[in-house]
Every structure is written in structure tokens, then in C-alpha cells.
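These notes concern the structure reproduced below.
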Amino acid sequence: MIYSILLFGLDIVVGYTGQVSLGHAGLFGIGAYTTGVLLTKLGLSFWLAVPFSIFITAFFGAILAMPALKVSGPYLAMVTLAFGTIIQILINEMTFVTEGPMGIKLNKPEIFNIKLNEEQFYWLVCLFLALSLIVVHRILKSQLGRAFEALRGSPVASDCMGVSVYRYKVYAFVISAGLAGLAGSLYAYSEQYISPNTYNFELTVLFLLAIIMGGRKTRSGAIIGATIIVLLPKLLDDIELFQWISTLLAICICLSAAIAVVKKWTSLQSTLTPVIGTVCLSLFSFQLESMTDWRLSIFGLMILFVVYYLQDGIVGFVLKLSSYTKRSDESISEQHHSSQSTNLQTLGHAQPSDSSAGKLILDASSILMQFGGLKAINQVDLKVQQGHIHGLIGPNGSGKSTMMNVLTGIYTPTQGQIKFKDASIIGQTSSSIALSGIARTFQNVQLFGDMTVLQNVLVGLHHSFKSNFLDVCLNSKRYQLEDHNANEQAKSLLNFVGLGGLGNELARNLPYGKQRLLEIARALALDPELLLLDEPAAGLTAPDIVELTQIIKKIRDHGITLILIEHHMDLVMSICDTVSVLDFGQKIAEGKPLQVQSDPKVVEAYLGGSSPAVA
Ligand code: ADP
Ligand code: MG
């Protein structure tokens, strides 16, 4: 149960935000030692030692998050590993507080003047497990959990939806470390003796293995994983038990393989290796006379097996099986819902008004964006009038997407000024620019693929949540109300773009055209005043483009200003109020669509070289 509490936390970092942490054994050690030291040196009670352990470990979690903000993947693994090692060395060396290699002895806690015995302590840990389960579950299904998942799906898109990657990575590590601190504290009480070499590299690897074996992103996976890592050493010690379990495993695998092949879920070849593997393991176990020489090899084989066949862990595997059994022949394409013309009461502060006509909402002047020697944008002015659809066109590589990245803070321009609603946005982060009212879509779709369609839009609605960590943990009235409103709003946005019936599909399963519409719905969730669309019609079929045109018009009618990058000239010419043309990073023309279309410079840029101007 103690390991489960830690694994709930580790799963937030590994499963949800997708960061690797090899520092969790170190955090576990900090939790245990905080309790040990507070108890022996200061004589603090259980009710103080546990919260202190949580807070102090959470603080170290924030420190561990620092490298995660700069590096990722294998580099992050290295840095967190170094963190764990340093913690272990410090515990060893700081003899004046930690007693060094001697370790610290402590007693079971005393609660309300009753000194708990083994059994009472067991139930106390049970209680903490249940509490952690509730808290973690609530966090992960709230806007916080969605933010963690979003930054794994697409960090750039999270930032552009106002969900600061920076902040939520730190949150994830802090919450995760807090749980490691609680687990460490309970562990100290449980073992009644702590020493530095417990919190070593093997323990860290074991934790990661438990998450992978049990299954990421599920609480049941964490509990199963914890059970396995606790029971595995016992299993590998007892030869008879090992024979039993391996035979049972072989029977289970053979049966499920047989069912899978008969029902045609999978081919015979792909089931051969696991079947032969488990049968051989079972036969081999009866040949063994002693386990000691084989323990590590068997352990290694099991890891290989899990990594190869159970990438989503045991829980993931079971879920997949059950989804096969209930899969009806409905497919996404049949659930096609045509665009219902739902009105958006939800799009708040942008109002269609004539009085604002002629007012500039965005004023970018003399923008220079240089990558090394390449001037991707060279002294470009872009003035966008409120309420307009402003087209931005030009051949491939002319700097359109770069302009959009500059406007949304992904790149800081080498030179130039950008004013949005009269305030400069140069130097601001993408997330604060997004929150100030600029939303966007991406040329290469950036959805949160592992989240449902509805959740994708809910990430866009992140800004509408004012409830804090405590509200979420206590499931307060305020949080419930906000959650309810956000869900309603997300559904109405999905109806608006014609994805009403697909809310529960995973975003990555949507057909391409629908993914583009979902990106628009998510961007609208930000309640923007300026919406930037980067080639929304790319890859869409003709009927889809008609639908898209209607949606863009409706968005404009709600008073939202748009910048539209597009190659489909019919679309651009039919709906844009103004068009700017870029070529090799320079603005070569600007004006009404018809005027621009017949401009010889534009024709030349598109047709290339010396072709005569044909409009
Ligand atoms: P468009 O969207 O108009 O097709 P882009 O804005 O994507 O064009 O690209 C304009 C130019 O800037 C291209 O030559 C591209 O290679 C270059 N570019 C864009 N982003 C970067 C970057 N991060 N580093 C270096 N060059 C870049
Ligand atoms: Mg582009």
C-alpha cells in the first residue's frame, strides 16, 4: 500500500506528463528521513511529522522539476538519476542529522495517546491509501489532470491554449513528490528503521517497472504494479510457488491466445512467441533445483516480456481485451454529424459591433525574424482591423507560419513591434498571449491525441477554472459548478464545428478533416478576440471546405477577428476582407482580394519567374 501511494504520484509524472523520473527513490528517502529526523531529534508527533515530510519532499520535487523544464527524454533521465544519487550520498554523509550509515531507529506512531501496534498501523496505512486514491483521482480528472496530459500530447499547443507548460510541469513534480513524501514517512514508521542504502538505484528502477507493468494512467495499474514488485522477490525465492505461478501463467496465456485466434482478433504467428515462452518457462521451472542462480535471469526475461508485449501494462492489456469483446461495428465515419448550426452563446467578450470597425486589433510593424543568416520575415508590417477576416497568402516557405509563430510568442522577433489591443506583446510567453485573447490552430495539427475530443476542448477552457488545488481535492461547490459549465460549453463548441456526436472519441482516431475542426473548436474555447488559422483547409475534401467556410463566417459573425493563412484561393477570395501577400519573407502586396489577385507581382510570385501576368 505504501508503494502504491508513491506510484500514484510517480504515474502523474511518468504516465500523465510523459517525463522520465529516476529520482523518486531519492524523494522517497527524503520523506522517510524527514520523519525519522523530526521524530528522533525534535520528538514531533505523528500529526506533524507526516505533513512536514510531505511538504519538505514536495519542495525537493520542485527542485527536481527544474531540469525537467530544460531537458527531456534520456537527458532528463540522467539528471533525475543524478538527483537520486546525490540524495543518497547526502543522507550517508550528513551524519549529524541522519546518523549516516548507522541509520535511524524509530517507533510506531502514537495517536491520541495510543501506541499503534502492527495491525492498527496497517489499517492506518489503508486509510492513507484510500485518501490518496481519492485525492489523486480528483486531481487527475480535473483541469489540472487535463493540463498534465495536454503537455505530454503537445507542449506547444498547451502553451497556446493558455496552459503554461512551465507551471504544470512543476505542479506535476511537486504533487508527485508530496505523495512520495507521504509514502516515505509511512515507510519509516512501518519498518521502524531507515538507512541510506534502501533508497538506491534498484528501487527507482523497480518503481518505474511497477508503473510500466501495472499500466500507466490508471490507479489500478499502480496498485497491481506495487503488488508485483512486493511479491516478486518472494515469488522468486520459493521454487514451488514459482512452479505454480508459471504453470498458471502458461495456462492463462494459452487460453487467451486460443480465444484471440479463434475470434480472429490477432494472427496465429503473433501469439506463438508468448505461448511458447510461457510454456517453456513453466517446463523449465520443474527442472530447477534451486532458484538462487536463476533469479536475475528470470527477472530480466519478465521485464523483456512486459516491455515487448504489455506496453500499456496489465491494466492496458485487460482494457484492450474488453474493448475487443464489446467492439460493435460502429465506426467513426458512420457517426458523421453534419454541422448543426448551434449558436454560440458561449463566445463571450468579442461582440459584433459596427462602432469598432476600422479600429486596429493587431498592429505588427517592421517585423524581422532571422534564423541564422535567413530572414524568414523581413521588415513586414501587418495591420489587422477588428472584425475582419485578414488573409495571409504566399508561396510555400514565404514566412506565413513563421509570422503566426511570432504573433503567438513561440518565436521572439529579432526586431519589430507587435501591439495587440494597443498593448505590446513582445517578450510575453505564449500562454500569457493566449490568455490575453489570441488563439490559433496549427499547420501540422497539434491535438492532444491520447485525450478525448471533449477533453481537448476542455483544455482550451482551462482559463475558465478559477478553483484551486484545494477546491479540486475537496470537490468543492465552486469546482463542481465550473466543471459543469465547462463541460456544457465544450459540448456546445463541438456542436458549433459539427463534431457534436464525437465527444468521447480519442482525438487521434478522428479523420484528418475532423481533427482540423476540433483544433478550431479548441481554439474557440479560449474565448479569443483574434483567431489565427494556419491552412485550415489543407487536406480537406471539397464538401468539408464548404463546411469550413460556413464555420469561419459564423466565427466572424460572432465578432471574432481572424487571420487566415490559406492556399485555396477560392476560399481566400470569397471570405477575406483584406489580403496580405508574402514572398521570401517580404510583403509584396496588400489590399482587397480582387485587387491583390490581379497584382502582377503576386501573379509572378505564384507562377514564378518570367510568366506574363495572367489574373
Ligand atoms: P510558410 O508557412 O509560408 O510555408 P514558413 O514560415 O514555415 O513558411 O517558413 C519560412 C522560412 O523560414 C522557411 O525557409 C523555413 O525553412 C524557415 N524557418 C521556419 N522556422 C524555422 C526555424 N525554427 N529555424 C530555421 N528556419 C526556419
Ligand atoms: Mg506554413
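Counting starts at 1 for both ligands and their atoms, in listed order.
- A salt bridge links Arg522 with Glu519: the distance from a Lys NZ or Arg NE/NH1/NH2 to an Asp or Glu carboxylate oxygen falls below 4.0 Å.
- Contact annotation: Gly394 has no heavy atom less than 4.0 Å from any atom of ligand 1.
- Nearest non-hydrogen protein atom to atom 23 (N) of ligand 1 is Tyr411 OH, 2.9 Å.
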| field | Step-by-step side-chain contact (heavy atoms from CB on, under 4.5 Å) determination, Met404 to Arg440 | value | CA-CA 8 Å; Met404 200 158 272; Arg440 68 170 293 177; 4.0 Å; yes
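- Every atom of ligand 1 is numbered from 1 in the order shown, and the set under 4.0 Å from a heavy atom of Asn396 is 4 (O).
- Applying the 6.0 Å contact sphere to OH of Tyr75 captures no more than 12 heavy atoms from other residues, nucleotides or ligands.
- Distances from atom 16 (O) of ligand 1 to the protein include no heavy-atom value under 4.0 Å.
- Set against the non-hydrogen atoms of Ser401, the atoms of ligand 1 under 4.0 Å away are 1 (P), 2 (O), 6 (O), 7 (O).
- Those atoms of ligand 1 with a heavy atom of Thr402 less than 4.0 angstrom away are 5 (P), 6 (O), 9 (O), 10 (C), 12 (O), 19 (C).
- Using cut-offs of 30° and 60° for the angle between ring planes, the His462 and Phe465 rings count as tilted.
- With hydrogens and angles left out, the side-chain atoms of His390 and Ser580 include a donor and acceptor closer than 3.5 Å.
- Side chain to side chain, Ser176 and His24 meet the donor-acceptor criterion of an N or O pair below 3.5 Å.
- Formation of a donor-acceptor pair under 3.5 Å by the Lys169 side chain with backbone atoms of Ala68 is found in this model.
- Counting only protein N, O or S atoms closer than 2.8 Å to the Mg ion (ligand 2) gives 2.
- Summarising the local packing, NZ of Lys141 is surrounded by more than 12 heavy atoms from other residues, nucleotides or ligands at distances under 6.0 Å.
- Ion pair Lys421/Glu529 flagged as a salt bridge, since at least one NZ, NE, NH1 or NH2 atom sits closer than 4.0 Å to an Asp/Glu carboxylate oxygen.
- For atom 19 (C) of ligand 1, a protein heavy-atom neighbour is found at a distance under 4.0 Å.
- Shown in contact with Leu374 at under 4.0 Å from a heavy atom are these atoms of ligand 1, numbered in order with element: 12 (O), 14 (O), 17 (C).
- Looking at atom 12 (O) of ligand 1, its nearest protein heavy atom turns out to be Ala376 CB, 3.4 Å.
- With contacts defined as side-chain heavy-atom distances shorter than 4.5 Å, the pair Met369/Tyr411 qualifies.
- Residue-to-ligand polar distances place Gly397 within reach of ligand 1: an N/O pair is separated by less than 3.5 Å.
- Residue-environment remark: NZ (Lys383) exceeds the threshold of 12 foreign heavy atoms within 6.0 Å.
- Within the 4.0 Å heavy-atom criterion, neither part of Asp534 lies near ligand 1.
- Salt bridge Asp534/Lys400: absent, no basic N to carboxylate O contact under 4.0 Å.
- Backbone and side-chain nitrogen or oxygen atoms of Phe371 are examined, and none is located within less than 3.5 angstrom of a nitrogen or oxygen of ligand 1.
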